[in-house]
There are 2 protein chains.
Amino acid sequence: MKVTIKDIAKICGVSAGTVDRALNNRVGISEKTRKKVLKVAEEMNYQPDYTARSLVMGKTMTIGVVLFDLYNRSFAQLLNAIEQKARDLGYFVYITLTDKDPENEKKCIDYLVSRKVDGIILFTVNKGKEFEAHLSKYHVPIITIFNYVSEKWEYIGIQERQAMKEAVDYLTSKNYQEFIYVSPPLAYLGKTNIYTQVERLNGFYEGLMVNNIQSKPIVLKNSEYIKDLDHINFSKDRKTAIVCSTDLYALEVMNYLKVKGFNIPEDIGVMGFDDIDMLKYITPRLTTVKYPIDEVGRKAVESMIHKIDNGTFLSPPLLDYEMIRGEST
Amino acid sequence: MKVTIKDIAKICGVSAGTVDRALNNRVGISEKTRKKVLKVAEEMNYQPDYTARSLVMGKTMTIGVVLFDLYNRSFAQLLNAIEQKARDLGYFVYITLTDKDPENEKKCIDYLVSRKVDGIILFTVNKGKEFEAHLSKYHVPIITIFNYVSEKWEYIGIQERQAMKEAVDYLTSKNYQEFIYVSPPLAYLGKTNIYTQVERLNGFYEGLMVNNIQSKPIVLKNSEYIKDLDHINFSKDRKTAIVCSTDLYALEVMNYLKVKGFNIPEDIGVMGFDDIDMLKYITPRLTTVKYPIDEVGRKAVESMIHKIDNGTFLSPPLLDYEMIRGEST
DNA sequence: ATGAAAGCGCTAACAT
DNA sequence: ATGTTAGCGCTTTCAT
């Protein structure tokens, strides 16, 4: 049924050790026996048992990934990039999804540790001392992405704050004077890890400040933002921009504005963040910030494997973003 | 550093076997020692080594998934559904991506087998005798989805042909008389496995036949379909529908038509297939066929685990699709 | 109820 | 160059 090195050893009349030497290109074996072993292995359709190898080597050649879900387009893209890079470098990928549930998230990490993955890439909703204590129990290399946990863990992402600040620079350069900011996750402020969202918000405020915007912005911080929008009287004589912390919200906002008969950008400007790829099918083209999500995935894997092989992370600098000037502003 | 059952055994003054009995709720152990062992395990933050357990049990509690990529929205949704269901049932998911490369695909399957996954869910570009021979070498349960391989392997999907036939029924009921069919993957006909695409095309032809459409349809079978469209003179007096085998193509077609100044559906009708969720942000609402992709993922996992536990697949009947009557036709 | 011992398939250190 | 041995951490007989 299933072929092991012992079977091959018996047939070739050699020991298991020799079969191992042949199969794994180790030194200390004659070309003749190597050929013979390889031939027999081939004939018998031998498949190595990584489970056994992992046990003895203490390495699984596997990287665990913890994400919220795959519904968000960006996450799917991210995982795709991670898997590709990992496979390139000979690693496999365990994917675990948390549905943004903090307890679930910890459980996923525990599982991955039990599975002896060689490293974990973490996009987490957890944060704080308790969580850090939880992570500290493990000796597995961990890289956090997007949601920063603390300086104790490697982090890869972009300069979120700076990016959103530049977005405001751009909007003010186009004479927008009134601002509405949409970021539903802010409802979880202080409860779960919404680092990126907080950074973006801070960048937004910073942008208003340096550009001397006097008018106080309206900040919508919950999932009912469309309803909230409905209660707002948009200024007739001052240009208003709705700045959304994510393209998805921007799309919902545009749908709402269209239904209400507003013209974009003549009546109201809309700005997103992320530059998700479906934008190419949407009119008007959304103004947004391009988040190099594939690059984050690839860098995370590279850095992780460098850590596994050489003991140190690559610690790349924060990645570059790019303003995409669309027609919605 | 890392805690094993031996460590716990030593501390508790019992044997490894007893620790195992306590940890895994086996019989033949007193309540008192069980309590004690559990307490010590907890204190020492014991994490079982699944690698070792897998080796002895010959089971990994892992399901391998082979997909093209995650860029296609539907695949991401599918994987999400698979992971959720698997985790619900205590299984983990190995994801491998093939980029539609046949050789790569076989390699992914080999790897998964080496990792001793308990089952493999396969969305494949390979087909034919040679591939079947390759698959036959393994004793792992395999479920194919979307792209049918042969009756020798379990299959889960929808009645693609019937669905596309009904789409044509619907279009003729709306008085469309001229048809253009878009399905770039057909360029690979005879080369790789494009079962779903072929079925849809057949359903399309069948629909034309039963509805007595005399006019010969134009079938665009390559990735240059937008260019091809550009060379077509659309009928002025007879209603024309562009039927796309996938929503993605339909979106590209709509973009093209908009640029060219055609009104949808007044000048030309457009029909998609899949009902991907981003459609909610697109105007006009695309007429399409809803493919229950999450359900396919869940059923695949359920059936697989039933096979693992009880020796037989659940073999659910082909799943239901649903016509979504949008504004694009 | 508990302990001792064997073994899953492989690798690695030590002999020869 | 090759064989022998021990052992990775766990489960599972078989004794006691």
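One atom, CG of B:Asp7, and another, P of D:dC8, lie 11 Å apart when rounded to the nearest Å. Distance, B:Asn24 CG to D:dC10 P: 10 Å, rounded to whole Å. In this structure, A:Arg21 places its CZ atom 7 Å from C1' of D:dG3, rounding to the nearest Å. Atoms CG (B:Asp49) and C1' (D:dC8) sit 8 Å apart, rounded to a whole Å. The distance from atom CE of A:Met57 to atom C1' of D:dC8 is 12 Å, rounded to the nearest whole Å. Between the P atom of D:dG3 and the CD1 atom of A:Ile5 lies a distance of 12 Å, rounded to the nearest Å. Between the C1' atom of D:dG9 and the CE atom of B:Met44 lies a distance of 14 Å, rounded to the nearest Å. Atom-to-atom, CG of B:Asn25 to P of D:dT12 comes out at 14 Å; the value is rounded to the nearest Å.
As judged by a 4.0 angstrom heavy-atom cut-off over every strand, B:Arg34 is placed among residues making no nucleic acid contact. Backbone-only contact: A:Thr33 has heavy atoms under 4.0 Å from sugar-phosphate atoms and none from a base. At the heavy-atom level, A:Leu55 lies under 4.0 Å from base atoms of the strands shown.
Between B:Ser150 and B:Glu132, the shortest heavy-atom distance links the atoms OG-OE1, 3.2 Å.
Ring centroid separation for the pair A:Tyr111 and A:Tyr94 does not come in under the 6.0 Å cut-off.
Bracketed by its first and final contacts, the part of DNA chain C lying under 4.0 Å from non-hydrogen atoms of chain A reaches from C:dC8 to C:dA12 in 5' to 3' order.
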Problem - Test ring-ring contact (aromatic ring centres under 6.0 Å, His included) applied to A:Tyr291 and A:Phe146, step by step - result: CA-CA 11 Å; A:Tyr291 202 122; A:Phe146 303 116; 5.3 Å; yes
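Below 30°, between 30° and 60°, or above 60°: for A:Tyr138 and A:His134 the angle between ring planes is above 60°, a perpendicular geometry.
We find the NZ-NZ distance between B:Lys127 and B:Lys129 to be 11.0 Å, quoted to the nearest 0.5 Å.
A salt bridge links B:Glu43 to B:Lys39: at least one charged side-chain nitrogen sits closer than 4.0 Å to a carboxylate oxygen.
The phosphate of D:dG9 (OP1 or OP2) has no side-chain N or O of A:Lys116 nearer than 4.0 angstrom. A close approach under 4.0 Å does not occur between any side-chain nitrogen or oxygen of B:Thr51 and OP1 or OP2 of D:dG9. Residue A:Thr18 has no polar side-chain atom (N or O) positioned under 4.0 Å from OP1 or OP2 of D:dT2.
Heavy-atom distances to DNA chain C give each of B:Val14 and A:Gln47 a nearest nucleotide, and the one nearer the 5′ end belongs to B:Val14.
Between the side chains of A:Gln77 and A:Asp294, at least one donor N or O lies within less than 3.5 Å of an accepting N or O.
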